[in-house]
Amino acid sequence: MKGKTKREKMTGNLKKKIGIGLLVVLGIMLLAACGKEKKSVSGDGIYYMNSEETTIEKEPYQIKEKDAEKAARAMLKALSKAPEDVEMKPVISKQVKVLGFEVQEGKITVNFGGGYYEMGAVREVLCRAAIVQSLVQIDGIESVAFEVEGNPLTDKEGQVVGSMRAEDFIKNTGSVLHSYEKTNLTLYFGNEEGTALVPEVLEEVRYNTNLSTEKLAMERLLKGPTSGKLQPVLDSKVRLIGTSVKDGICYVNFDDTFLQQESRMDPALQIEALVRSLMENGKEIRAVQILVNGKSDQSYKGISLEQPFDGEAVRKKEEQK
């Protein structure tokens, strides 16, 4: 048997450190919060790490660039520089080199060098939280994904961490520490005849907390119902590119397979099931905008996708055909 490569050893060491370190991070962060009064910074800012590497704090930062890529490049550079406050330090150290990044359809993917795996568990969590919460302030960027030497970042269980958003870290202090939670989902599928929608409740669905509930709902909707008496509303071959929520509107983005799918169900029922499933499970979603390759100027079997749908809008558009 061949020995492990240096990169494999570093990866394994980091995962072991995360498994132990994450158990104590929460206590450390709470103690740090109690020991020092945090500064309140309104408006845009950038996150740095304190010198003890126990917490992150926001410092004022002006986003001058209007282009998302230019703004991201400038912010990543700033995250690598020492802040003016001598008690703070940059979250991207000299060992954690940014090899590049790509902004596409509201998501930025940042590629780091192998030095990323040399970080301790506590620093890695704080680094990730600081970078994500900084970058999502840029217009046009709603989520952040990490890669290390071109490969997706994985957690201690080998699961891909995936896209991260600010709320993944601030909804509760432990959300970055405990990788998995359980939730109940209510999804809508077709009845046996395919003439009406029937809710199906999935209890205690285990999921990675870096995955948004709306994306989780869409992935489970695409898998189809667990009951043999219900019909799927979307073809399992439909590819979901991503989801995001802004100003109460959930944007769900598919590729061309959404338009090409075949189903004997009424297309209005298909869209209604999609919309109701997202509104029922997402956070404060009042409408759903369906995109195909990032564009809304499409129609699905005679139903225009140009405007967002709420529960009633689907039926109204079908009646206007």
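The shown structure was predicted, so the numbers you read here are calculated from the model rather than taken from an experiment. Sequence positions, counted from 1, serve as the residue numbers for this chain.
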For [X], which residues count as a side-chain contact (heavy atoms from CB on, under 4.5 Å) partner, sequence neighbours excluded?
| X | result |
| --- | --- |
| Glu105 | Ile241, Asn253 |
| Glu142 | Ser244, Lys246 |
| Leu222 | Leu234, Val238, Leu240 |

Could you state the interatomic distance from [atom1] ([X]) to [atom2] ([Y]), rounded to the nearest 0.5 Å?
| X | Y | atom1 | atom2 | result |
| --- | --- | --- | --- | --- |
| Glu65 | Asp139 | CD | CG | 12.0 Å |
| Leu135 | Ile46 | CG | CD1 | 8.5 Å |
| Leu305 | Ile290 | CG | CD1 | 5.5 Å |
| Tyr48 | Lys89 | OH | NZ | 14.0 Å |
| Thr226 | Leu230 | OG1 | CG | 7.5 Å |
| Glu102 | Glu69 | CD | CD | 8.0 Å |

side-chain contact (heavy atoms from CB on, under 4.5 Å) assessment of Ile92 paired with Val98: CA-CA 8 Å; Ile92 301 178; Val98 176; 4.0 Å; yes

Does [X] have more than 12 heavy atoms from other residues, nucleotides or ligands lying within 6.0 Å of its [atom1]?
| X | atom1 | value |
| --- | --- | --- |
| Glu284 | CD | no |
| Asn184 | CG | yes |
| Glu84 | CD | no |

Cluster companions of Ile249 among Ile, Leu, Val, Met, Phe, Trp, Tyr (side-chain spacing under 4.5 Å): Tyr251, Leu291

Members sharing Val201's hydrophobic cluster (side chains within less than 4.5 Å): none

Closest approach of [X] and [Y], non-hydrogen atoms and distance?
| X | Y | answer |
| --- | --- | --- |
| Gly114 | Val148 | CA-CG1, 4.2 Å |
| Ser299 | Leu259 | O-CD2, 3.7 Å |
| Val252 | Met218 | CG2-CG, 4.1 Å |
| Val103 | Ala68 | CG1-CB, 4.4 Å |
| Lys215 | Thr243 | CB-OG1, 3.3 Å |
| Pro90 | Lys81 | CB-O, 3.3 Å |

Side chains of [X] and [Y]: does their closest heavy-atom pair fall under 4.5 Å?
| X | Y | answer |
| --- | --- | --- |
| Leu274 | Val288 | yes |
| Leu126 | Val91 | no |
| Leu197 | Phe189 | no |
| Leu79 | Ser134 | yes |
| Gln270 | Lys301 | yes |
| Gln261 | Tyr300 | yes |
| Glu147 | Val110 | no |
| Pro83 | Met88 | yes |

Glu280 with Arg276: basic N within carboxylate O range, under 4.0 Å: no

Pairing residues for Arg123 by the salt bridge (charged side-chain N to carboxylate O under 4.0 Å, His left out) criterion, not counting sequence neighbours: Glu53

Trace of the salt bridge (Lys or Arg N to Asp or Glu O under 4.0 Å) decision for Arg128 with Glu124: CA-CA 6 Å; Arg128 191 150 36 101; Glu124 191 275 335; 2.9 Å; yes

Test salt bridge (Lys or Arg N to Asp or Glu O under 4.0 Å) applied to Arg165 and Glu214, step by step: CA-CA 13 Å; Arg165 299 186 299 180; Glu214 55 271 10; 2.8 Å; yes

Evaluation steps, side-chain contact (heavy atoms from CB on, under 4.5 Å), between Leu185 and Leu216: CA-CA 9 Å; Leu185 295 176; Leu216 174 67; 3.9 Å; yes

Val233 and its side chain to side chain contact (heavy atoms under 4.5 Å, CB included) partner, picked from Leu187, Leu221, Ile271: Leu221

Using atom types as modelled and distance alone, determine if a side-chain donor or acceptor of [X] lies under 3.5 Å from a backbone N or O of [Y].
| X | Y | value |
| --- | --- | --- |
| Thr195 | Asn191 | no |
| Gln137 | Gly45 | yes |
| Glu200 | Pro225 | no |
| Glu306 | Asp297 | no |
| Thr183 | Val205 | no |
| Glu149 | Asn111 | no |

Single hit among Phe146, Phe101, Tyr117 for ring pair (Phe, Tyr, Trp, His ring centres under 6.0 Å) with Phe112: Phe146

Mutual orientation of the aromatic rings belonging to Phe254 and Phe258 [parallel < 30°, tilted 30-60°, perpendicular > 60°]: parallel

Steps toward side-chain contact (heavy atoms from CB on, under 4.5 Å) verdict (Met164, Ser143): CA-CA 5 Å; Met164 298 166 282; Ser143 63; over 6 Å; no

Candidate pair Cys250 and Gln289, rule side-chain contact (heavy atoms from CB on, under 4.5 Å), full reasoning: CA-CA 6 Å; Cys250 178; Gln289 176 67 66; over 6 Å; no

